[in-house]
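For reference, the structure discussed in these notes is given below.
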Amino acid sequence: MATIKETAQAYEPQLTKNIADLDEVTVDLELQDGEGTDDEGKPFTYKFTELNNERYRVPGSVIGQLKTQLEANPNLNKFKVKKEGSGLNTRYTVIPL
């Protein structure tokens, strides 16, 4: 059994990455609902997918752009996401592959 010191030293907080961190994404990934708190302590919900025990947040704007891409090309199987900016000024671009 580990001590609290050993556990604390080995502790890595579970962070949610961003879908833009992936080189490519398939349209068949399952989305789940997550909950978090912002910098002001206010709760919020978000969508995420899980790959290799890592969570990747999927912003609503990415889902909206993917919808547009799928309307233009229903056979689209893979895409990538480009992220520019940070915070409220973050912009995402869905790029079909």
Side-chain angles (χ1 to χ4, degrees):
M1 188 172 263
T3 66
I4 193 166
K5 177 181 178 179
E6 293 166 338
T7 302
Q9 289 172 329
Y11 175 75
E12 291 186 30
Q14 182 178 7
L15 299 174
T16 302
K17 296 181 178 183
N18 190 290
I19 195 168
D21 296 330
L22 298 170
D23 292 331
E24 68 178 28
V25 182
T26 66
V27 297
D28 297 324
L29 288 178
E30 290 191 28
L31 288 182
Q32 301 178 44
D33 293 318
E35 296 181 2
T37 53
D38 64 14
D39 294 339
E40 298 173 359
K42 295 179 183 177
F44 68 92
T45 60
Y46 62 94
K47 298 280 188 195
F48 72 91
T49 189
E50 194 165 333
L51 294 169
N52 302 321
N53 295 319
E54 299 269 1
R55 286 185 174 187
Y56 293 88
R57 188 173 74 85
V58 182
S61 61
V62 169
I63 294 169
Q65 285 189 42
L66 181 57
K67 177 181 179 176
T68 302
Q69 294 289 342
L70 288 167
E71 287 170 351
N73 179 7
N75 296 321
L76 177 68
N77 291 318
K78 293 181 182 180
F79 65 98
K80 67 184 277 184
V81 178
K82 181 179 177 184
K83 176 182 173 184
E84 295 176 331
S86 62
L88 295 175
N89 294 320
T90 304
R91 302 273 187 256
Y92 297 94
T93 304
V94 172
I95 303 165
L97 298 177

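Hydrogens, waters and symmetry mates play no part in the numbers below; they use all other heavy atoms, side chains included.
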Co-membership, hydrophobic cluster, residues Phe48 and Leu31, 4.5 Å side-chain: no
How long is the straight-line distance from [atom2] of [Y] back to [atom1] of [X], given to the nearest 0.5 Å?
X	Y	atom1	atom2	value
Leu70	Ile63	CG	CD1	11.5 Å
Ile19	Lys83	CD1	NZ	12.0 Å
Thr49	Asp28	OG1	CG	10.5 Å
Gln32	Tyr46	CD	OH	9.5 Å

Worked verdict on Thr37 versus Lys42 for side-chain contact (heavy atoms from CB on, under 4.5 Å): CA-CA 5 Å; Thr37 53; Lys42 295 179 183 177; over 6 Å; no
Minimum heavy-atom separation for [X] to [Y], with atom names?
X	Y	result
Val94	Leu66	CG2-N, 4.1 Å
Leu97	Asp23	CD1-O, 4.3 Å
Glu71	Pro74	O-CD, 4.2 Å

Where at least one partner belongs to residues 88-97, residue pairs that pass side-chain hydrogen bond (donor to acceptor under 3.5 Å, both in side chains), sequence neighbours excluded: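 Every pair satisfying side-chain hydrogen bond (donor to acceptor under 3.5 Å, both in side chains) with a residue in residues 88-97: Asn18-Tyr92, Arg57-Tyr92.
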Exam field: side chain Glu24 to backbone Lys78, donor-acceptor pair closer than 3.5 Å: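 Not confirmed, Glu24 side chain does not pair with Lys78 backbone.
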Candidates Thr26, Ile95, Val27, Leu22 - the one meeting side-chain contact (heavy atoms from CB on, under 4.5 Å) with Phe79: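 Considering Thr26, Ile95, Val27, Leu22, a side-chain contact (heavy atoms from CB on, under 4.5 Å) with Phe79 is found only for Val27.
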Test side-chain contact (heavy atoms from CB on, under 4.5 Å) applied to Val58 and Val81, step by step: CA-CA 10 Å; Val58 182; Val81 178; over 6 Å; no
